[in-house]
Amino acid sequence: MLNHLRDLMTHAEWANAVFFHAWGKSPAREHEEMRRRVGHVIGVQHGFLAILRGEVPGAPPDGPPPSFDDLKAWAQRNHADLRSFADGLDAASLDRKVRIPWFPDPPCVVTVAEALVQVAMHTQHHRGQLMTRLKDFGGEPLNVDWIIWLWKGKPQGRWA
């Protein structure tokens with residue numbers, strides 16, 4: 001299970017890096033809707049990582065969404081931190097319970113393993129939406145399915 005969760009985090013980073021490459025070459029690079037949606041995805045990853053570390057997640061930022069470059073830098077940091085967190089886990093730590101504060105009543109209590117699966121699935125869900133919007137705005141969406149990542153030999157994310 002631990003190796004599978006690490007693979008999910010590695011796939012998410014690879015797929016997000018591929019998305020950022022496609023987005024960066026598109027006419028939608030600074031489109032506000034795209035930046036807001038990407039900011040949501042990265043913000044949720046960041047919030048879950050805070051919870052997994054035993055920290056209190058911050059509130060979503062107000063105002064206009066960050067620039068493409070700022071979002072890309074934030075995504076890179078998040079993925080490096082998620083990778084580091086996952087690399088530091090052992091089998092016993094996967095069963096540790098964490099409370100997700102966004103669902104107060106009744107409380108949402110899940111395991112670390114379940115929280116990491118949520119991070120990967122939430123990211124995948126929104127990445128599909130983002131690829132569709134990228135096409136709508138004149139960009140070229142790319143296939144970042146799990147099976148493609150496996151077929152390519154489980155590559156690491158390339159941000160540059």
Side-chain angles (χ1 to χ4, degrees), residues 1-24 34-62 65-131 134 142-160:
M1 173 66 126
L2 187 53
N3 286 335
H4 185 63
L5 289 171
R6 288 178 179 145
D7 278 352
L8 285 173
M9 294 299 101
T10 303
H11 169 262
E13 181 172 8
W14 168 80
N16 281 353
V18 169
F19 165 74
F20 268 93
H21 283 293
W23 182 26
M34 292 289 287
R35 291 183 293 123
R36 189 168 310 285
R37 287 176 184 234
V38 172
H40 166 75
V41 174
I42 299 168
V44 169
Q45 289 174 340
H46 187 77
F48 267 89
L49 185 58
I51 291 165
L52 291 168
R53 290 175 166 168
E55 303 165 359
V56 177
D62 288 334
S67 70
F68 171 88
D69 290 330
D70 289 342
L71 288 166
K72 184 177 177 183
W74 189 20
Q76 286 178 269
R77 284 191 309 273
N78 266 359
H79 282 294
D81 291 346
L82 282 164
R83 189 177 341 105
S84 177
F85 179 82
D87 287 347
L89 292 173
D90 58 26
S93 61
L94 295 178
D95 291 329
R96 179 173 57 91
K97 301 284 186 177
V98 294
R99 185 175 179 276
I100 309 303
W102 305 295
F103 306 101
D105 192 24
C108 178
V109 179
V110 299
T111 66
V112 167
E114 292 165 334
L116 285 172
V117 169
Q118 172 59 24
V119 169
M121 292 180 78
H122 179 264
T123 301
Q124 182 73 3
H125 166 75
H126 284 300
R127 194 182 312 104
Q129 293 174 331
L130 288 163
M131 288 290 195
L134 186 64
L142 300 171
N143 189 337
V144 291
D145 280 351
W146 172 261
I147 195 84
I148 301 297
W149 178 73
L150 293 172
W151 175 55
K152 290 183 175 224
K154 300 182 178 181
Q156 299 294 312
R158 289 186 310 109
W159 292 96

Provide the closest heavy-atom pair for [X] versus [Y] in the form atom of the first, atom of the second, distance.
X: L134; Y: A22; answer: CD2-CB, 3.8 Å
X: I42; Y: A75; answer: CD1-CB, 3.7 Å
X: W149; Y: T10; answer: CZ2-CG2, 3.7 Å
X: F19; Y: V38; answer: CE2-CG2, 3.8 Å
X: N16; Y: H79; answer: ND2-NE2, 2.8 Å
X: A86; Y: L2; answer: O-CD1, 4.4 Å

Does atom NE2 of H46 have more than 12 heavy-atom neighbours from other groups under 6.0 Å away?
->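 Result for NE2/H46: open.
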Distance, nearest 0.5 Å, that separates [atom1] of [X] from [atom2] of [Y]:
X: L82; Y: L116; atom1: CG; atom2: CG; result: 7.5 Å
X: F48; Y: N78; atom1: CZ; atom2: CG; result: 13.0 Å
X: M1; Y: L89; atom1: CE; atom2: CG; result: 11.5 Å
X: D70; Y: F68; atom1: CG; atom2: CZ; result: 11.0 Å

Does R127 have any salt bridge (charged side-chain N to carboxylate O under 4.0 Å, His left out) partners at least two apart in sequence or in another chain, and if so, which?
->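 Partners of R127 under the salt bridge (charged side-chain N to carboxylate O under 4.0 Å, His left out) test: none.
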Side chain to side chain contact (heavy atoms under 4.5 Å, CB included) against D90, all qualifying residues, sequence neighbours excluded |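 Only A92, S93 meet the side chain to side chain contact (heavy atoms under 4.5 Å, CB included) criterion with D90.
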Check side chain to side chain contact (heavy atoms under 4.5 Å, CB included) between N3 and all other residues, then give those that pass, not counting sequence neighbours.
->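 With sequence neighbours excluded, N3 shows a side chain to side chain contact (heavy atoms under 4.5 Å, CB included) to R6, given in chain and number order.
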So Q124 and D145, side chain to side chain contact (heavy atoms under 4.5 Å, CB included) or not? Walk me through it.
-> CA-CA 9 Å; Q124 182 73 3; D145 280 351; 4.1 Å; yes
Residue pairs passing the salt bridge (Lys or Arg N to Asp or Glu O under 4.0 Å) test where at least one lies in residues 44-54, sequence neighbours excluded |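 Found R53-D81.
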Working for side chain to side chain contact (heavy atoms under 4.5 Å, CB included), residues M131 and V144 | CA-CA 10 Å; M131 288 290 195; V144 291; 4.1 Å; yes
Do the side chains of V18 and W23 get nearer than 4.5 Å, heavy atoms only?
->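 The answer is no, as the side chains (C-beta and beyond) never meet within the 4.5 Å cut-off.
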Donor-acceptor under 3.5 Å (T123 side chain, V119 main chain) |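 Yes: the side chain of T123 pairs with the backbone of V119.
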Side chain to side chain contact (heavy atoms under 4.5 Å, CB included) between H125 and M121, intermediate numbers included = CA-CA 6 Å; H125 166 75; M121 292 180 78; over 6 Å; no
Distance-only donor-acceptor hits, side chain of residues 151-160, under 3.5 Å, sequence neighbours excluded:
from : atom 1 : to  : atom 2 : distance (Å)
K154 : NZ     : D7  : OD2    : 2.8
W159 : NE1    : E13 : OE2    : 3.0

Just distance, no hydrogens or angles: give the donor-acceptor pairs under 3.5 Å from side chains in residues 94-107, sequence neighbours left out.
from : atom 1 : to  : atom 2 : distance (Å)
R96  : NH2    : L52 : O      : 2.7

Looking at R35, H122, Q45, which one forms a side-chain hydrogen bond (donor to acceptor under 3.5 Å, both in side chains) with H40?
->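 Result: among R35, H122, Q45, H122 is the only option passing the side-chain hydrogen bond (donor to acceptor under 3.5 Å, both in side chains) with H40.
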Run the side chain to side chain contact (heavy atoms under 4.5 Å, CB included) check on H11 and L8 step by step: do they pass?
-> CA-CA 5 Å; H11 169 262; L8 285 173; 5.7 Å; no
